[in-house]
Asker: 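Mind looking over this structure? Questions follow.
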There are 2 protein chains.
Amino acid sequence: MNELKKDNTEEKILNAAQTVFIKKGLDGSRMQEIADHAGINKALLHYYFRTKQKLFEAIFKKVFKHVFPKIEMLVLSDLPIEEKLGTFIEKYIDVLLKNPYLPAFILKEMNRDPVFLASVMKSQGVHPEHILKMFEKEMEAGTISKMDPRDLMVNVLGFCIFPFAAKPLLNIMFFENDKKAYNNFLKKRKETVKKFILNSILIR
Amino acid sequence: MNELKKDNTEEKILNAAQTVFIKKGLDGSRMQEIADHAGINKALLHYYFRTKQKLFEAIFKKVFKHVFPKIEMLVLSDLPIEEKLGTFIEKYIDVLLKNPYLPAFILKEMNRDPVFLASVMKSQGVHPEHILKMFEKEMEAGTISKMDPRDLMVNVLGFCIFPFAAKPLLNIMFFENDKKAYNNFLKKRKETVKKFILNSILIR
DNA sequence: GTCTATATGGCGATAGAC
DNA sequence: GTCTATCGCCATATAGAC
């Protein structure tokens, strides 16, 4: 019974903290607000996570894997590069559509503690080397144009992430603050990005 | 004498505030820290700007124009689209190279107050419509491939801004935290972005 | 495990002398 | 205009009852 309660409460706290932290960041969030969201009181937060910082780090870790998902399987598969990239872009934008505030959150908090950031990245099993090597092999094989593979990677990520990260600005600039229109735009992005990227690198 | 002093102090405050706010954001910054940077005391900050919020807004406005520079002249010129876009990308990345922390700062603070953001944008004389129309005309004329001009705009901005905004992350992922290597990468981006964008949209 | 009450410190803002 | 001193609040964190 106690354990069940514990699990329930911990989960409630994590969910509440995620909501609040993602919206307001570490500095902008109040323990009281998180407690309210979770339907408990402040003291319990400290009972479970000791400090605000530790609670925040738990959330950051929990959330980070969505922004840099594990794509080992896809990278190591023997699908043609066209499909690998296309699938990645599709799945990735799908994740962002479901979690549209993650990019802004991660970008916002990224600068706070580079050491912590590095540790999170390692623990998440992101292996950029594999991806870079994959691109290099394709370039050697002549299936895609030659370029710095890091540029290609940054380009793909930027295409996917930027429109979510800069949402408020772009929404005002290009959509007169019409949120529905902007969401439609984001949905269509899957196809747009695929086309744009593949058209410019595939050698046929 | 008094006026000279005033100007001097106000400038010192603005410079100090810019340094601190850009690094730590509104919530993360302390009036004390800004005062220290400016070589004055807290009380004087309030004498000049009354509240932290007002000081912050002054900085945000001051800084915003760098991130969305006035490009009317370029847009309205009769240069070929290839040169317009090429020049924009070059100049823009140059600005970001000189102010590498701006993208993260703007993205970080963008969500706080959408109304204020909108007012800043209007006051800065950014006219997205002109840019979109320019693209549309080029598409009709058959000089660039047909697509949603807003996608094209987001793509260009994302290519330029994202590598600066996500610097800490990308630096760890692809450059083993070697800052010099990353800065070289950013410098080369001017050419890379131009090539990538122009190659994929120009019809020859 | 969960609560109420409280300690503790920090920060924005102001008062008032010079 | 600039400073020192201080107010008043609010946020994190803890003590201690249940």
Side-chain angles (χ1 to χ4, degrees), chain A residues 1-63 105 108-109 111-113 116, chain B residues 1-63 105 108-109 111-113 116:
Chain A
M1 172 67 179
N2 273 358
E3 278 197 11
L4 229 158
K5 258 192 186 170
K6 191 192 168 215
D7 284 356
N8 253 332
T9 306
E10 193 164 335
E11 221 171 296
K12 275 195 289 183
I13 291 177
L14 286 171
N15 288 334
Q18 180 166 337
T19 308
V20 177
F21 278 139
I22 283 184
K23 196 165 172 190
K24 311 205 172 177
L26 172 58
D27 292 329
S29 300
R30 301 290 152 240
M31 293 298 264
Q32 185 60 59
E33 194 180 351
I34 295 173
D36 292 345
H37 256 82
I40 55 166
N41 67 345
K42 274 191 305 182
L44 257 194
L45 293 182
H46 289 96
Y47 175 78
Y48 277 90
F49 290 91
R50 278 229 357 256
T51 68
K52 184 187 181 184
Q53 181 71 33
K54 285 187 197 302
L55 176 55
F56 175 80
E57 292 184 0
I59 298 299
F60 191 90
K61 274 186 198 163
K62 183 188 165 198
V63 142
F105 171 70
K108 195 190 300 192
E109 305 299 335
N111 288 281
R112 184 177 318 282
D113 185 349
F116 175 65
Chain B
M1 170 68 178
N2 272 358
E3 279 197 11
L4 229 158
K5 256 191 187 172
K6 191 192 167 215
D7 284 356
N8 253 332
T9 306
E10 193 164 333
E11 219 171 297
K12 274 194 292 184
I13 292 177
L14 285 171
N15 287 335
Q18 180 166 337
T19 308
V20 177
F21 277 140
I22 284 184
K23 196 165 172 190
K24 311 203 172 178
L26 172 58
D27 292 330
S29 299
R30 301 291 152 240
M31 293 298 264
Q32 185 61 58
E33 194 179 352
I34 295 173
D36 293 345
H37 256 81
I40 54 165
N41 66 343
K42 267 194 310 181
L44 215 43
L45 293 182
H46 288 96
Y47 175 78
Y48 278 89
F49 290 90
R50 278 229 359 253
T51 68
K52 185 186 182 186
Q53 180 73 31
K54 285 187 196 303
L55 176 55
F56 175 80
E57 291 184 0
I59 298 299
F60 191 90
K61 274 185 197 163
K62 183 187 165 198
V63 141
F105 171 69
K108 196 190 298 194
E109 304 298 336
N111 288 282
R112 183 179 317 284
D113 185 349
F116 175 64

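Reminder, nothing fancy here: chain letters follow the sequence lines and each chain counts from 1.
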Asker: Starting at CG of L44(A) and ending at C1' of dG1(C), how long is that distance when rounded to a whole Å?
Answerer: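 After rounding, the reported distance stands at 7 Å.
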Asker: Can you tell me if the side-chain N/O atoms of H46(A) get under 4.0 Å from OP1 or OP2 in dT14(D)?
Answerer: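 No, because none of the side-chain N or O atoms of H46(A) sits under 4.0 Å from OP1 or OP2 of dT14(D).
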Asker: For R50(A) and dA15(D), what is the distance between atoms CZ and P respectively, to the nearest whole Å?
Answerer: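 Rounded to the whole Å, the gap is 12 Å.
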Asker: Please report, rounded to the nearest Å, how far the C1' atom of dA11(D) is from the CZ atom of F49(A).
Answerer: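 Taking CZ of F49(A) and C1' of dA11(D), I get 19 Å after rounding.
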Asker: For residues 24-34 of chain B, which residue pairs qualify under salt bridge (Lys or Arg N to Asp or Glu O under 4.0 Å), counting only residues two or more places apart or in two chains?
Answerer: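 Listed once each, the pairs are K24(B)-E33(B), D27(B)-R112(B).
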Asker: Can you find a side-chain donor-acceptor pair between N15(A) and E11(A) that sits under 3.5 Å?
Answerer: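 Judged by distance alone, the side chains do not pair up.
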Asker: Return the nearest nucleotide to the side chain of A43(A); candidates are dT14(D), dT2(D), dC3(D).
Answerer: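 Between dT14(D), dT2(D), dC3(D), the one nearest the side chain of A43(A) would be dT14(D).
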Asker: Tell me the interatomic distance from L45(A), atom CG, to dC3(C), atom P, rounded to whole angstroms.
Answerer: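 Interatomic distance, CG of L45(A) to P of dC3(C): 10 Å.
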Asker: Which nucleotide wins on minimum distance to the side chain of I40(B), given the candidates dT12(D), dC3(D), dG1(C)?
Answerer: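 For the I40(B) side chain, the nearest candidate turns out to be dC3(D).
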Asker: I need the Y48(A) OH to I13(A) CD1 distance, nearest 0.5 Å.
Answerer: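 The OH atom of Y48(A) sits 6.0 Å away from the CD1 atom of I13(A).
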Asker: Over how many whole Å does the gap from K52(B) atom NZ to dC9(D) atom P extend?
Answerer: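 In whole Å, dC9(D) P and K52(B) NZ are 19 Å from each other.
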Asker: Under the 3.5 angstrom rule, does the side chain of Q18(B) hit a backbone N or O of V63(B) as a donor-acceptor pair?
Answerer: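 Flag not set: sc Q18(B) to bb V63(B) has no pair under 3.5 Å.
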Asker: For a quick test of reading the model: is some side-chain N or O of T9(A) closer than 4.0 Å to OP1 or OP2 of dT2(C)?
Answerer: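 True: T9(A) side-chain N/O within range (under 4.0 Å) of dT2(C) OP1/OP2.
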Asker: Between dA13(D) atom C1' and I34(A) atom CD1, what is the distance in whole Å?
Answerer: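 Distance check: I34(A) CD1 to dA13(D) C1' gives 14 Å.
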Asker: Could you tell me whether the phosphate oxygens of dG10(C), OP1 or OP2, come under 4.0 Å of any side-chain nitrogen or oxygen in R30(B)?
Answerer: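 No, R30(B) has no side-chain N/O under 4.0 Å of OP1/OP2 on dG10(C).
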Asker: Within the structure, does a side-chain N or O atom of N41(B) lie under 4.0 Å from either OP1 or OP2 of dC3(D)?
Answerer: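 For dC3(D), OP1 or OP2 has a side-chain N or O of N41(B) closer than 4.0 Å.
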Asker: Between atom CG in D36(B) and atom P in dC3(D), what is the gap in whole Å?
Answerer: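 Checked: the CG to P distance equals 12 Å.
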Asker: Under 4.0 Å: is that the gap between some side-chain N or O of Y47(B) and OP1 or OP2 of dA13(C)?
Answerer: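 So the side-chain polar atoms of Y47(B) never come under 4.0 Å of the phosphate oxygens OP1 or OP2 of dA13(C).
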Asker: Is the F116(B) ring parallel, tilted or perpendicular to the F60(B) ring (thresholds 30°, 60°)?
Answerer: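 Answer is tilted, since the angle falls between 30° and 60°.
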Asker: Write down the distance between NZ (K42(A)) and P (dA11(D)), rounded to a whole number of angstrom.
Answerer: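 The distance from NZ of K42(A) to P of dA11(D) comes to 8 Å, rounded to the nearest Å.
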